[in-house]
Amino acid sequence: MGFQSFDMREPMSSHKGRKLLIVGLVCSLVIGFTIGILVGHFGIGKESDDGLPSAPGANTGEENPLISDLIMEGINPNNIRDNLKKLTGDVHVAGTPADRQQAEELRLFWEGHGLKANISSYNVLLSYSDDNDPNKAYIYSNDSAQEFETPDRENLTGVNDTFPTPYLAYTPAGNINVTEMVYANYGRLEDFRDLSAIHNISVSGRLVIARFGQISRGEKIRLAEERGALGVILYLDPADYNLNNSKVYPDDWWLPPTGAQRGSTFAGDGDPLTPGYPAIDSAYRYSENTTQPPLPGIPAVTIGYGPAKEFLKIMQGENVPDDWIGGIAVNYTFGPGLLDNKKVGLRTSNRNENRTTYNVFGIIKGSIEPDRYVLLGNHRDSWVYGAIDPTGGTAVMMELSRVMGDLFKSGQWKPRRTIIFCSWGAEEFGLIGSTEWVEEYIKNLGNRAVAYINLDIAVMGNHTLRGLGSPLLYTAMYDAARKVDNPDEDERNAGNHTVFHTWLENHRDPKKTDVPTIGPIGLGSDYASFQMRAGIPCADFRYNYDPKLGIAFYPLYHTAFETFHLLDSIMDRNFEFHSAVGKVCGEILRSLSDSVILPFNMSDYADKLTDMYDSLNTTHGDTLRQRDIRLDYLDEAISQFSTEAIAFNTKVGNIDKTNLVETRMVNDQMMQIERSFLDPSGLPGQPMYRHVIQTSSVFSGDSFPGLVDTIANAETDDTEDRWEVVKQHLSVVTFTIQSAASTLRDVTDFISAVET
Ligand SMILES: *[C@@H]1O[C@H](CO)[C@@H](O)[C@H](O)[C@H]1NC(C)=O
Ligand SMILES: *[C@@H]1O[C@H](CO)[C@@H](O)[C@H](O)[C@H]1NC(C)=O
Ligand SMILES: *[C@@H]1O[C@H](CO)[C@@H](O)[C@H](O)[C@H]1NC(C)=O
Ligand SMILES: *[C@@H]1O[C@H](CO)[C@@H](O)[C@H](O)[C@H]1NC(C)=O
Ligand SMILES: *[C@@H]1O[C@H](CO)[C@@H](O)[C@H](O)[C@H]1NC(C)=O
Ligand SMILES: *[C@@H]1O[C@H](CO)[C@@H](O)[C@H](O)[C@H]1NC(C)=O
Ligand SMILES: *[C@@H]1O[C@H](CO)[C@@H](O)[C@H](O)[C@H]1NC(C)=O
Ligand SMILES: *[C@@H]1O[C@H](CO)[C@@H](O)[C@H](O)[C@H]1NC(C)=O
Ligand SMILES: *[C@@H]1O[C@H](CO)[C@@H](O)[C@H](O)[C@H]1NC(C)=O
Ligand SMILES: *[C@@H]1O[C@H](CO)[C@@H](O)[C@H](O)[C@H]1NC(C)=O
Ligand SMILES: *[C@@H]1O[C@H](CO)[C@@H](O)[C@H](O)[C@H]1NC(C)=O
Ligand SMILES: *[C@@H]1O[C@H](CO)[C@@H](O)[C@H](O)[C@H]1NC(C)=O
């Protein structure tokens with residue numbers, strides 16, 4: 001179908017720009033009186049409550065073009081370094097006194113820089129290991145003598161080495177001994193299926209050992225538990241986390257043998273005891289054994305490749321296929337027998353606890369539209385020192401908020417809309433702080449939030465920017481990246497002057513060639529409930545390693561080796577990459593909070609829908625047609641959305657930008673778009689995920705997530721009922737697109753469709 005692309009906010013030539021500015025000034029004199037009345041009516045003072053002068057032309061709606069430069073120039077890499085050094089001086093796991101103290105310090109920091117700051121807290125179910133009785137896996141001889149035990153924690157020098165011991169949050173305490181163990185590759189559905197269907201090996205009554213990667217930890221454990229396994233050992237394989245026997249930390253960023261990945265195993269979002277609703281005093285709470293989805297029922301440990309070798313070494317049975325072989329110097333076998341009839345055991349001591357987690361907010365109140373919020377958030381909790389995840393992001397957010405706060409405090413800038421910086425608690429346990437907050441204020445946010453920008457990890461490599469986001473924000477994301485100088489000297493010398501150039505080189509969109517691809521918003525960080533439950537468009541930026549490296553993730557992820565040293569001496573020696581991420585986030589935040597017309601591009605959404613349609617038609621079109629499930633209505637709805645988007649854009653180009661009511665009306669229409677894609681009853685089988693376009697799909701694919709998943713389900717289990725679910729959801733997807741199109745129509749003409 002190929003929709004014509006257009007740019008909502010084409011940059012003006014300087015000549016044209018100047019002319020417009022003069023016209024704008026004259027206009028503002030002439031219509032000043034009218035605006036005065038409007039302003040009075042809407043309770044918006046030319047002088048705000050605090051008596052600060054407005055930014056130039058604020059009431060005529062024109063943003064101050066100098067602010068962008070002031071923000072960029074203000075961001076200082078040394079401050080980011082100092083912030084990171086201070087924040088990583090301590091372990092700051094959610095629900096601990098250190099976490100509470102960092103929340104309090106951040107509140108004071110924000111107050112010191114002119115922001116209004118608040119802390120909000122929730123009592124939620126978290127999970128901890130017992131450092132006096134660390135989780136361990138053991139090897140015993142056939143007469144029960146202990147031959148090996150996994151180390152208490154990573155072998156880490158140069159910092160306080162009594163940091164928390166590794167564990168898999170929410171797995172239960174347990175104590176088991178077995179005589180048989182099975183290697184399950186990545187522990188995916190297809191791995192377990194191959195084990196039983198091809199190799200005739202059951203995991204029932206046995207221990208499972210599997211490598212990290214490909215799917216979530218919780219999913220691996222759930223699949224093993226469903227098949228009767230008694231316990232699970234998850235380990236980091238060098239094939240995924242330390243390529244070519246490279247030099248390891250503290251000399252390089254690769255994983256040492258004792259590095260163990262911590263992490264949550266809860267499959268839901270938010271407090272496990274209050275699904276769908278905020279964990280406030282009046283909340284109904286489920287018990288630990290009735291949560292949905294359920295918490296894991298079998299013990300599991302997380303270990304490094306050093307100790308893993310001891311277990312793989314004693315496994316018997318046939319050799320595994322080539323694509324199951326990892327990078328440890330052993331013969332990988334399936335098991336289940338063990339050499340010399342040895343035994344293996346697990347002893348874990350985790351416990352779930354009711355603890356308090358804190359969110360901190362720093363607010364710069366908007367001068368013209370204070371009831372429109374632009375949010376930028378980052379989680380504060382980490383598993384150990386968390387230098388990469390998330391503390392590099394926290395260090396960047398602090399610096400950006402300092403710069404913006406100081407500009408505000410000194411009267412140089414008053415953003416049009418309200419900016420809210422958010423520091424989330426307990427993200428690591430299941431996006432808990434952000435989810436509870438969205439749950440508590442979903443009515444306020446659903447009506448008033450313009451966008452949410454997420455900053456979790458800021459730098460997990462120094463090769464290229466990478467972005468995730470709603471199509472509504474693609475253009476704003478590109479525009480922000482185009483304004484930021486490339487922090488990599490070699491890239492600058494190669495002619496890639498901005499971060500955008502390098503981003504494009506590494507993620508060229510095969511269909512568009514002149515812009516990089518932006519991934520969909522999924523479940524990976526605090527954006528999830530904003531996008532999928534509240535329909536607030538989200539974007540997420542970070543600097544990444546070379547995607548062509550072929551590793552599972554950055555090697556030291558969630559290990560104790562995520563220290564200040566790692567970033568300061570190995571990955572970002574001058575903090576220029578952190579700084580670049582801060583500038584990209586700062587520019588998009590400025591643009592969203594200060595532009596008269598929101599920098600949302602409807603046509604990017606139309607193009608995205610077209611791509612999703614094409615992918616669906618290519619992959620499943622024939623199957624669907626054979627079952628007489630037709631895609632015509634969907635096709636038509638997308639065309640209609642596209643037509644409305646173009647008409648809407650023309651209209652926006654012609655409105656009087658000095659008229660507050662007119663600008664507010666078109667901005668509200670644009671804000672409505674993302675909300676229109678929500679279906680109140682949620683995706684089939686996933687009531688919490690209500691966004692039919694931007695929701696994480698189980699079976700992946702670059703098409704409508706609910707359709708991809710329901711079709712896959714129907715193909716696996718070919719029953720009439722399942723195909724009925726597909727038909728039903730297809731009509732919901734079609735309807736949400738029709739309804740999105742209707743919100744773009746002129747405000748009294750929405751009832752009849754425009755001719756196409
Ligand atoms: C939020 O912080 C402001 C000061 O910045 C304070 O006046 C107000 O009471 C706080 N609100 C809450 C709910 O703590
Ligand atoms: C496992 O075996 C070890 C060594 O014999 C023993 O100390 C431990 O109590 C056993 N655990 C269970 C649950 O039997
Ligand atoms: C721990 O580190 C020390 C010093 O680098 C080294 O001597 C020792 O062998 C390491 N132990 C393990 C288990 O890697
Ligand atoms: C190291 O950390 C532990 C646990 O957080 C703490 O009790 C101890 O005081 C710290 N030691 C030093 C030297 O800071
Ligand atoms: C599969 O394994 C079971 C138990 O080990 C055995 O009884 C059965 O014969 C095996 N089936 C095949 C097809 O090899
Ligand atoms: C759930 O746990 C509670 C204690 O927290 C216990 O009293 C109850 O019997 C358990 N219910 C089930 C179904 O296991
Ligand atoms: C792997 O098995 C082969 C024989 O199949 C043997 O020659 C080799 O020594 C074994 N390697 C290790 C590391 O055990
Ligand atoms: C028990 O282990 C010893 C080595 O520790 C081995 O020599 C012996 O054969 C084993 N016994 C059995 C029954 O496997
Ligand atoms: C959790 O602790 C708080 C006090 O910190 C208490 O008010 C709340 O009732 C507790 N909740 C549960 C489920 O135990
Ligand atoms: C950017 O750098 C790459 C090499 O990494 C080079 O191929 C490309 O031409 C450069 N782009 C520009 C715009 O110079
Ligand atoms: C980029 O990261 C690599 C390690 O992946 C490191 O060798 C290099 O020095 C880093 N560059 C900068 C400027 O820090
Ligand atoms: C869908 O796919 C079919 C078969 O490949 C093709 O004929 C048709 O034109 C496609 N429909 C659209 C709207 O692209």
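Both counts, for ligands and for their atoms, begin at 1 and track the order of listing. Nothing fancy with the numbering, it's 1 onward along the sequence.
With respect to K85 and D568, no salt bridge is recorded, no charged nitrogen being found less than 4.0 Å from a carboxylate O. At a threshold of 4.0 Å, the pair R627-D718 counts as salt-bridged, since one of the basic side-chain nitrogens sits closer than that to a carboxylate oxygen.
When only interatomic distances are considered, the shortest N/O to N/O separation between N617 and ligand 12 falls below 3.5 Å.
Annotation: cation-pi pair R262/Y167 absent, no NZ/CZ under 6.0 Å from the ring centroid and within 45° of its normal.
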Candidate pair D161 and R153, rule salt bridge (charged side-chain N to carboxylate O under 4.0 Å, His left out), full reasoning: CA-CA 9 Å; D161 61 2; R153 47 168 74 76; over 6 Å; no
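With ligand atoms numbered from 1 in the order given, ligand 12 contributes 2 (O), 3 (C), 4 (C) to contacts under 4.0 Å with heavy atoms of R625.
Residue contacts with ligand 12 for E636 are absent, since no atom lies close enough (heavy atoms, distance under 4.0 Å).
Ring centers of Y249 and H565: under 6.0 Å apart, within the cut-off. Annotation: Y332 is in aromatic contact with Y183 [ring centroid separation under 6.0 Å].
Under 4.0 Å from any atom of ligand 4, one finds heavy atoms of residues N160, T162.
Heavy atoms from other residues, nucleotides or ligands lying under 6.0 Å from CG of D322 number 12 at most.
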